[in-house]
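Below you'll find the structure, written out as structure tokens, and then a few comments.
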Amino acid sequence: MKQIVNSEEMKYCDSNTILHFGVPSIVLMERAALSVVSQMPKELSYGGRILIVCGSGNNGADGLAAARLLNQQGCEVTVAKMPDHGKRTSENQTQLNILNNYQIKVLDHIPQPDVYDCVIDALFGVGLSRPPEGEYAEWIDAMNKKSGFKVAVDVPSGVSSDTGQVYSSAFKADLTVTFACLKIGHILHPGCELCGKVAAAQIGITNESWLMRRPSCYMLEKEDLKELPVRPARSNKGTFGRVLVIAGSRNMAGAALFGAKAAYRTGCGLVKIYTPKENRIILQTALPEAILSVYDDKEQIWEGEADDNQIQEWKSSFADAIKWADVVVIGPGIGTGRAARCMVEQTLEKSHVPTVLDADALNIIAKTPELLQGAASKLIITPHLGEMGRLIKKQIPEIQNNMIKAASDFASQYRLICVLKDAVTVTASPDTVYLNTAGCSAMAKGGSGDVLTGIIAALAAQGMEPEKAAAFGVYIHGLAGEMAAQQKGEYSVLATDLIESIGSIMKAGNLE
């Protein structure tokens, strides 16, 4: 599992390494510079014409140190340093003095029209907190116009290390060499698109530097699949949990099928589908393993014409279905009519087991968010950007500019787990975030989200804590998408192909 950090966390660990453990900052800087040089293509780092553009902070100091090392390896190095406006750090000045002693060319402008084999951006690093303007923007634009291989030190200038937001002037790198940990801006769109290949170099900032804290953000790796639930030899279908899937409506049987089948493929022991009676034949034919509990969505109870006894009879029957389950899924394909609203309300009131809310359940809640405040269970919501926008009353671009904040704030407000789906999905609980980069464009098909709810529900039913079930579910879903795309091509993957790939991903996790 990789630690992913924001700028404050990186500065915290860097400071602790220097002040608490006594590692001199100049030592860390030298190792950072060595890492930049070692990650560059060999044909450039030995004899190439290199332009290094440096700011006045410690990111610029890393660049100045790299200039010396490249010069000593035989490169023709030109350094362009930004005016410091009286804000040059002591480390930066030290490195600048060293370059002067070695008589390495240092300019106060970007030379034109010189041609270089490589341009290295060491302007800002993780310290950038606002859009580059004026001369800063001009220097970034000038770097981009240069030919040659582009390298960013730590984070491309103009990319927010905290959100992945890209400002109007931003360096476009072929390679980004970062230090200690990946930054959020390396992972989230659109910032990741400007990073090129990202290499994380160890320079001496270790886990000990967290002291009493722990990272707020993680990213799962394939080796983490070993943490998935073990299947004991002495077991039965009840051992692996029961999932209730409340899904589907007339002409919408597919949502129920995808969620239920995905839950079975992920290892759940029993799945019951609660759906309108019109779906019975389709679901019994397509998934005979599922238990069906059907209702009539034309009954007068949904029109508000039923008497109290009829209403209580339905509520009692629905409550029994919920009591049967170890995990409840509600929302895919249920619509937003009276029947759907009643089921969402009753689920939130009666369920005392982990409950996954998706699709139409979220659209219903968006109109009455106070329903979440009375929930009796641990909730996992799985909105895409449009659904999230309706939940928090914001436009999609605003959410995309800071997905972690949008998901984390909502998770904290309602004490739930928010799986905010995008090309990079953010899974946030009130105190932890997981980022997921597994997956591909092949998954942008109808039914893909229904498959995800089934995977998450099955993991929770087998005993995983809801927070981990959500994060691991997203990761497995992404890996299944990648595998299906390899087999079918990115244009042709269907939700059913995702389901059929789940077993191979689980097997690859050494679960069998």
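Hydrogens, waters and symmetry mates are skipped; everything else that's a heavy atom, side chains included, is used.
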Self-check item: Ring center gap for F124 and Y136 short of 6.0 angstrom
Solution: yes

Quiz item: Can you tell me how far the OG atom of S501 sits from the CG atom of L479, to the nearest 0.5 Å?
Solution: 10.5 Å

Quiz item: CG/N92 to CG/N59 distance, rounded to the nearest 0.5 angstrom?
Solution: 9.5 Å

Exercise. Apply the test side-chain contact (heavy atoms from CB on, under 4.5 Å) to residues S45 and L70: give CA-CA distance (whole Å), side-chain angles for both, the deciding distance (0.1 Å), then the verdict.
Key: CA-CA 6 Å; S45 60; L70 288 166; 3.9 Å; yes

Quiz item: Yes or no on salt bridge (charged side-chain N to carboxylate O under 4.0 Å, His left out) for E500 and R265, after CA distance, side-chain angles and deciding distance?
Solution: CA-CA 8 Å; E500 295 310 310; R265 287 292 191 198; 3.0 Å; yes

Quiz item: Between A152 and A173, what is the shortest heavy-atom contact and its length?
Solution: CB-CB, 3.9 Å

Quiz item: Is any NZ, NE, NH1 or NH2 atom of the basic residue among K405 and E398 found under 4.0 Å from an Asp or Glu carboxylate oxygen of the other?
Solution: no

Quiz item: Side-chain contact, heavy-atom cut-off 4.5 Å: V245 with Y274?
Solution: no

Quiz item: Which pair of heavy atoms, one from P466 and one from P354, lies closest together, and at what distance?
Solution: CG-CG, 4.0 Å

Quiz item: So, the side chain of Y264 versus the backbone of V271: is there a donor-acceptor pair under 3.5 Å, distance only?
Solution: yes

Practice problem: Over all heavy atoms of both residues, which pair between G241 and D326 is shortest? Give the atoms and the distance, please. | Solution: CA-OD2, 3.3 Å

Quiz item: Using a distance-only test with no angle check, is there a side-chain donor-acceptor pair under 3.5 angstrom linking D358 and T453?
Solution: no

Quiz item: Rounded to the nearest 0.5 Å, how far does CE of M219 lie from CD of Q3?
Solution: 11.5 Å

Self-check item: Residues E227 and K468 bridged, charged N to O under 4.0 Å
Solution: yes

Self-check item: Under the ring-ring contact (aromatic ring centres under 6.0 Å, His included) test, residues paired with F149 that sit two or more places apart
Solution: none

Quiz item: Will you find, in the side chains of S38 and S35, an N or O donor that is under 3.5 Å from an N or O acceptor?
Solution: no

Self-check item: N-O pairing of K172 and E193 below 4.0 Å
Solution: no

Quiz item: If you take all heavy atoms of M29 and A61, which pair is closest and at what distance?
Solution: SD-CB, 3.3 Å

Quiz prompt | Taking every non-hydrogen atom, the tightest pair across A461 and V327 | solution = N-CG2, 3.4 Å

Exercise. Quick one: list whatever passes side-chain hydrogen bond (donor to acceptor under 3.5 Å, both in side chains) with E467, sequence neighbours left out.
Key: S429

Quiz item: Could you walk me through whether I455 and V474 pass the side-chain contact (heavy atoms from CB on, under 4.5 Å) check?
Solution: CA-CA 8 Å; I455 296 172; V474 170; over 6 Å; no

For residues 486-497, which side-chain N or O atoms pair as donor and acceptor with protein atoms under 3.5 Å away, sequence neighbours left out?
unit_1, atom_1, unit_2, atom_2, d
E490, OE1, S441, OG, 2.4
D497, OD2, L494, N, 2.8

Exercise. Only one of H384, H477, K421 passes side chain to side chain donor-acceptor pair (under 3.5 Å) with S448; say which it is.
Key: H477

Quiz prompt | Under 3.5 Å donor-acceptor, D121 side chain and P156 backbone | solution = no

Practice problem: Given salt bridge (charged side-chain N to carboxylate O under 4.0 Å, His left out), test K2 with E223 step by step and report yes or no. | Solution: CA-CA 11 Å; K2 291 183 179 178; E223 63 184 28; over 6 Å; no

Quiz item: Under 3.5 Å, is there a donor-acceptor pair between the side chain of Q462 and the main chain of A458?
Solution: yes

Quiz prompt | Main-chain N/O of A262 paired with T266 side-chain donor or acceptor, under 3.5 Å | solution = yes

Quiz item: When you check the gap from the basic side-chain N to the acidic O, do K367 and E345 get nearer than 4.0 Å?
Solution: no

Quiz item: If every non-hydrogen atom of S169 is compared with every non-hydrogen atom of D141, which pair is closest and at what distance?
Solution: OG-OD1, 3.3 Å

Quiz item: Charged N to carboxylate O under 4.0 angstrom, D154 versus K183?
Solution: yes

Quiz item: So, T336 versus D360: side-chain donor-acceptor pair below 3.5 Å or not?
Solution: no

Self-check item: Test item: T382 and L357 side chains (from C-beta on) under 4.5 Å apart, heavy atoms
Solution: no

